Protein chains: 2
Amino acid sequence: MNVTIKDVALKAGVSIATVSLVVNNNNRISSETRKKVLKTIKALNYYPSRSARDLVSKKTGNIGFILTDDHFLRTEPFYTKIFLGAEFEAREGEYYILLTTVKADFTASDPLPRFIRDKSVDGIIIAGKVPPKLIEKLGNNSMPVVVVDYQMENKNYSHILIDNIHGGILATEHLIQNGHKKIGFIGGDINHPSIYERLNGFNKAHERANIIPDNNRIKTNTGYPDRQNGYNLARELFTSNKNITGVFACNDAMAIGVMHYLKDNNYKIPQDVSLVGFDDVEADLLLDPPLTTVRVPKIELGAEAFRVLVSQLKNNKIQPKKILVPVEILVRNSTKKIQ
Amino acid sequence: MNVTIKDVALKAGVSIATVSLVVNNNNRISSETRKKVLKTIKALNYYPSRSARDLVSKKTGNIGFILTDDHFLRTEPFYTKIFLGAEFEAREGEYYILLTTVKADFTASDPLPRFIRDKSVDGIIIAGKVPPKLIEKLGNNSMPVVVVDYQMENKNYSHILIDNIHGGILATEHLIQNGHKKIGFIGGDINHPSIYERLNGFNKAHERANIIPDNNRIKTNTGYPDRQNGYNLARELFTSNKNITGVFACNDAMAIGVMHYLKDNNYKIPQDVSLVGFDDVEADLLLDPPLTTVRVPKIELGAEAFRVLVSQLKNNKIQPKKILVPVEILVRNSTKKIQ
DNA sequence: ATGAAAGCGCTAACAT
DNA sequence: ATGTTAGCGCTTTCAT
């Protein structure tokens, strides 16, 4: 470190306490003194030492961001955008974000992320499916936790959630309003709350339109919701069902798998089958046709998670919140009206 | 913080200096004392305070990882894997990694990443194309810098580089050995050192085989090397050239664009055209056919960058290194032998 | 409104 | 081989 609080105090002709108060926006300082101090801070290009600060305040100024490796390395930059949203927001605040991954199949014997063990963070953001054993192991820990895009029961954690039910309704209603009645649902693991809720929306939309959805058209399994899995489930769906005209895939990755399956089997999109995805990760993907999907504001999810976490840190009474982030349908060319 | 060095000293019946020496693996301590201290450290679950440590040592224990936003948000997890390699390695060491993005068109008036301004990192890793203005602005700074996957001239920075020339040779020789003579090259910005070198390898392989490459078959532009751009350049290539039988695309993203173009224009891969990419990002992409490509060890690139940076931090004489990481060709089904 | 001074938890001389 | 002690740069009472 170069220039310290002492240098500033000396140059400005005040005590270090005064400098400290100015730096921390304490209003007990006269505006002249403040101005003077601020000026010499600029002149000297002074930045307070984080470590000295942290040592006194018993904070770290860091927040930890945990992602499972499969999420971080997803082909589509879904979770990286959520991270970036948090990082953008952290730049405004006084925080740094430490990103780490844990294995998706985290077991009780795996160590907790290092920043938790050695208390290098003041709080934690976890995005996407959280390994249950991780939560268990985290249980003893007193750090505030915000969970993004994953729902957990009766926990003292705040949640930033996608409005999945409404998204499912939007996607399905769009299909129904375009005349589709025999609609398939392609999901991943139905035990994943997001997928469960999207299916829920799927059913609700049918109900509202007085259509009975056929359970045989609902295809899920316990695999990771990626393209390959979408392909496989599309095969299941179309070999056991004739005359399906619309498909709602629970995310864009699976929708792309469905596209591949349909092309391989000489179905035309949207002439033969209309297809709706979820997430909106298609930019730069060069899909043909462009995919109608439900847009999820990924940057906003991350930013909101950061804000909620910091507000809990500041108020240090942890009042768990649950925030639903709205979604919208983006109609592109993978869906069309039928008579 | 909870348990401090004092608690450990007290419980173990030694001085805090002794505890400190044990923690820092100083060999001036008798093995009995060491054992005793280590035991009570375990018992008390003691972790040294980073901030206290950093305050004394004038280090931060952090290293900064800079990526341009377009790279971080690339569809294929290329740079995120490089980051992860660094992060894996940091877990072994005593470091944390702060990840931030800068705009790809960073200008002189954009602020440097915050962790540089307030000196919250001991060193920096930059991956991928580095905005020139960033480097200029970084000039005054004394922090060691390691650059991954991008070449800069006459700078005191260490480099971890892909062996692009050899990769270009491998890709092209594979085509040539399979009987191809009229081979196209699809690149992005030829001023990007990696692309320049891959083209270099392309030419070298032709030379070795005594084939004169036709400049009209080399298509580059200044755009970002993504799928769309690959598509566009493929159109250029195939409309101005007949009977091309092989294409080397300078990365997988562009190769995918080429694939799309070929499919849209009723070329069969590999029956009509053999296609080779570069990077190996295809896992989970569901390409048809699977792409022959040059594999780049992304995790290893990041890990190596971290190692080099830390070794410079430790030796604090900055001896800039240049490390070439080898590549290999992965033959899949997008290439075939012609007579 | 400002300053003096204690102390956060640790490392590194220096002493023993 | 181990202990004593002086800071590192800051925040925060407590005085003034």
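Just so it is clear, the model here is predicted, and its values are computed rather than measured. Per chain, numbering begins at 1; letters A, B, ... match sequence-line order.
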Student: Starting at CD of B:Glu94 and ending at P of C:dC10, how long is that distance when rounded to a whole Å?
Tutor: 13 Å
Student: Less than 3.5 Å apart, any donor N or O on the side chain of B:Tyr79 or B:Asp149 sitting next to an acceptor on the other?
Tutor: yes
Student: Just to be sure I understand the rule, does B:Leu55 reach a base, reach only the sugar-phosphate, or reach nothing, if contact means heavy atoms closer than 4.0 Å?
Tutor: base
Student: Please state how far atom CG in A:Asn26 lies from atom P in C:dA1, giving the value in whole angstrom units.
Tutor: 10 Å
Student: Is A:Glu300 paired with A:Arg307 through a side-chain N to carboxylate O contact shorter than 4.0 Å?
Tutor: yes
Student: Looking at A:Tyr47, is B:Arg114 sitting on its ring face, NZ or CZ under 6.0 Å from the six-membered ring centre and within 45 degrees of the normal?
Tutor: no
Student: Under 4.0 Å, heavy atoms only, any strand: does A:Thr33 hit a base, just the sugar-phosphate, or nothing?
Tutor: sugar-phosphate
Student: In whole Å, what is the span from the CG atom of B:Asp118 to the P atom of D:dC10?
Tutor: 12 Å
Student: Grab the NZ-P distance between B:Lys59 and C:dG9 for me, whole Å please.
Tutor: 23 Å
Student: Output one letter per nucleotide in nucleotides 11-16 of chain D: B when a protein non-hydrogen atom lies under 4.0 Å from the base, S when only the sugar-phosphate is that close, - when neither is.
Tutor: BB-B--
Student: Between D:dC10 atom P and A:Ile41 atom CD1, what is the distance in whole Å?
Tutor: 10 Å
Student: Using the rule given for ring pair (Phe, Tyr, Trp, His ring centres under 6.0 Å), can you reason through A:Phe78 versus A:His71, listing the C-alpha separation, both sets of side-chain angles and the distance that settles it, and then say yes or no?
Tutor: CA-CA 8 Å; A:Phe78 185 89; A:His71 280 157; 8.4 Å; no
Student: Should B:Glu94 and B:Arg53 be marked as a salt bridge (Lys or Arg N to Asp or Glu O under 4.0 Å) after you check the CA-CA gap, both sets of side-chain angles, and the distance that decides it?
Tutor: CA-CA 12 Å; B:Glu94 299 275 79; B:Arg53 225 175 208 192; 3.3 Å; yes
Student: What's the closest nucleotide to the side chain of B:Val14 if the choices are D:dT2, D:dG3, C:dT2?
Tutor: D:dG3
Student: To the nearest angstrom, how far is B:Arg34 atom CZ from D:dG3 atom C1'?
Tutor: 17 Å
Student: Any carboxylate oxygen within less than 4.0 angstrom of a Lys/Arg side-chain nitrogen, looking at A:Asp110 and A:Lys133?
Tutor: no
Student: Between D:dT4, C:dT2, D:dC10, spot the one nearest the side chain of A:Ser49, thanks.
Tutor: D:dC10
Student: Strictly below 4.0 Å: does A:Ser15 bring a side-chain N or O up to OP1 or OP2 of C:dT2?
Tutor: no
Student: When you measure from the side chain of B:Lys58, which nucleotide among C:dT2, D:dG9, C:dG9 comes out closest?
Tutor: D:dG9
Student: To the nearest Å, how far apart are B:Asp7 CG and C:dG9 P?
Tutor: 8 Å
Student: Would you mind checking if B:Lys35 and B:Glu32 are paired as a salt bridge, meaning a charged N to carboxylate O distance below 4.0 Å?
Tutor: no
Student: Figure out the CG/C1' separation between A:Leu10 and D:dG9, and round it to whole Å.
Tutor: 15 Å
Student: Reckon A:Ser30 has a side-chain N or O less than 4.0 Å from the OP1 or OP2 of C:dT2?
Tutor: yes
